[in-house]
2 protein chains.
Amino acid sequence: MSTDTREKILQAAFDVLSREGYENTSIKQIAEEGGVAQGLVHYYFKSKQRLVMEVLQFVCQKIELGDQGEAGALAAFEDTKQKIREDRGSNALLVQLIGISLHDPEIGAGIRDFVRGQRGRVEDIARQVFAERELDPTAARGIAGAVWGAVLGIIIQSLVEPEFNADEAIDALAAMSLSAVYPADQSA
Amino acid sequence: MSTDTREKILQAAFDVLSREGYENTSIKQIAEEGGVAQGLVHYYFKSKQRLVMEVLQFVCQKIELGDQGEAGALAAFEDTKQKIREDRGSNALLVQLIGISLHDPEIGAGIRDFVRGQRGRVEDIARQVFAERELDPTAARGIAGAVWGAVLGIIIQSLVEPEFNADEAIDALAAMSLSAVYPADQSA
DNA sequence: CGGCTGTGATTGAATGACCAACCAATGTTG
DNA sequence: CAACATTGGTTGGTCATTCAATCACAGCCG
């Protein structure tokens, strides 16, 4: 029953956190949402911060890009569009935690790892594209910072302004990044 | 003495907020930092949220892009690099407030206006570039979403990872966005 | 001039609520 | 009967906000 309860708390924590926000979420609320006693939360998770970080990991298994490998850059952009549409809750949690991470060492470390990991995936794709075209792979790092940053920025815009057209922005990003690699081809 | 005290509180609030973070900042702390009594803060600002939003505006007068007008896109990217280096505190405050804005209507409205305004400036520059090249200006909106998003994403990365090379990312972004417009020219 | 008064500025203590974390007691199960 | 799971109340603290009281200073009047 142990693992079961743990997951129940994680799920409840995710639900409350993405619905109410970190600030407005208390351990008591999480316990109520999960239908367990308040004390149990601290029995499984040393602190609120550790719980929240585990929630992020828990939810990242769903956010993380599918194995890109074969599909390539274009497919990755399509994936991203879908993630923005569907994983609103996860994205909202992530953006909130980024804000908190700036002044909380524990959450800061977790977010730093997450950011590095995500950008690393983009860099891998970029490197792969450069290899295919026999271009200088040195630029991949900067490109990855710009492209992953753009995806994050677009996610934020779509969370802040419900009417923001994220698909349009991602398409523009795709066109921009590809036109830098395939100078001739500009059909987006 | 009235306006003087108000500004003293705003400055103190900015200092504490960007140093300690929203969560860890109390009205009492702000009052102490500014050398005024606790009650004065609520005398000038109805609530903590309203104070924080006024701090954002107060600080935006420094963040806001200089009048771009003549200078054009390339100069704007250079400006951005400098802002990332120098306005760490303002940027940290902004990122934090974005996180909070997702679940606080009052701060949400303020952040929404800010985002729209900032992206609007990028869109103006994009439109101008398209006009010069006699290209279809329809794409400007999507481009603006992608480029402004990228700038925000790069700011966030540089805040989260101190060793992140923001200049490199901005350069890559500049190269990407310009190569979409000037297909031939790729000297970054 | 000197006292009076009204208004806005300022003070710091009080209020009421909330919360993370802890813990002693109870339940469950192998 | 141990070891783990679960309970819910307690603790010690923090916080935003309110408020009654004081202060500074203006103009006005006698």
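Values below: every heavy atom of this structure, side chains too, minus hydrogens, waters and symmetry copies. In what follows, chains are A, B, ... by sequence order, proteins preceding strands, each numbered from 1. Here the structure is a predicted model, which is why all the values come from computation and not from measurement.
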Which one, D/dT7, C/dC19, D/dT6, comes nearest to the side chain of A/Thr5?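 Closest nucleotide to the A/Thr5 side chain: D/dT6.
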For B/Ile84, run the side-chain contact (heavy atoms from CB on, under 4.5 Å) check against B/Ile154, B/Asp167, B/Leu159 and tell me which one passes.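 Between B/Ile84 and the candidates, side-chain contact (heavy atoms from CB on, under 4.5 Å) is satisfied uniquely by B/Ile154.
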Spacing of [X] atom [atom1] relative to [N] atom [atom2], expressed in whole Å:
X	N	atom1	atom2	answer
A/Asp4	C/dT29	CG	C1'	16 Å
B/Lys28	D/dG13	NZ	C1'	11 Å
B/Asn24	C/dC19	CG	P	17 Å
A/Asp104	C/dA20	CG	P	13 Å
B/Glu23	D/dT14	CD	C1'	12 Å
B/Arg50	D/dA16	CZ	C1'	15 Å
B/Phe45	D/dT18	CZ	P	15 Å
B/Tyr44	C/dT11	OH	C1'	13 Å

Under the salt bridge (charged side-chain N to carboxylate O under 4.0 Å, His left out) rule, what do B/Glu163 and A/Arg116 come out as? Steps first, then yes or no, please. CA-CA 11 Å; B/Glu163 75 279 17; A/Arg116 273 201 262 263; 2.5 Å; yes
5'-most by nearest nucleotide on DNA chain C - A/Ser26 or B/Gly35: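 This one resolves to B/Gly35.
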Review item, nucleotides 21-24 of chain C N/O atoms under 3.5 Å of protein N/O:
unit_1, atom_1, unit_2, atom_2, d
C/dA21, OP2, A/His42, NE2, 2.7
C/dA21, OP2, A/Lys48, N, 2.9
C/dA21, O5', A/His42, NE2, 3.4
C/dA21, N6, A/Gln38, OE1, 3.2

Presence of salt bridge, B/Glu54 and B/Arg50, under 4.0 angstrom: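 No.
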Verify side-chain contact (heavy atoms from CB on, under 4.5 Å) between A/Arg19 and A/Glu33, making sure each step is shown before the conclusion. CA-CA 12 Å; A/Arg19 171 159 33 89; A/Glu33 179 95 8; 2.8 Å; yes
D/dA5 phosphate, OP1 or OP2, under 4.0 Å from A/Tyr43 side-chain N/O: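 For D/dA5, OP1 or OP2 has a side-chain N or O of A/Tyr43 closer than 4.0 Å.
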Answer with yes or no whether the side chains of B/Asp15 and B/Gln11 bring together a donor and an acceptor at under 3.5 Å.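 Yes, a side-chain donor-acceptor pair sits under 3.5 Å.
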Is NZ or CZ of A/Lys48 both nearer than 6.0 Å to the six-membered ring centre of A/Tyr22 and within 45° of the ring axis?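 Geometry flag: set, cation within 6.0 Å and 45°.
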Pair A/Glu161-B/Arg119, salt bridge (charged side-chain N to carboxylate O under 4.0 Å, His left out): steps then yes or no: CA-CA 12 Å; A/Glu161 310 174 80; B/Arg119 190 181 53 236; 2.6 Å; yes
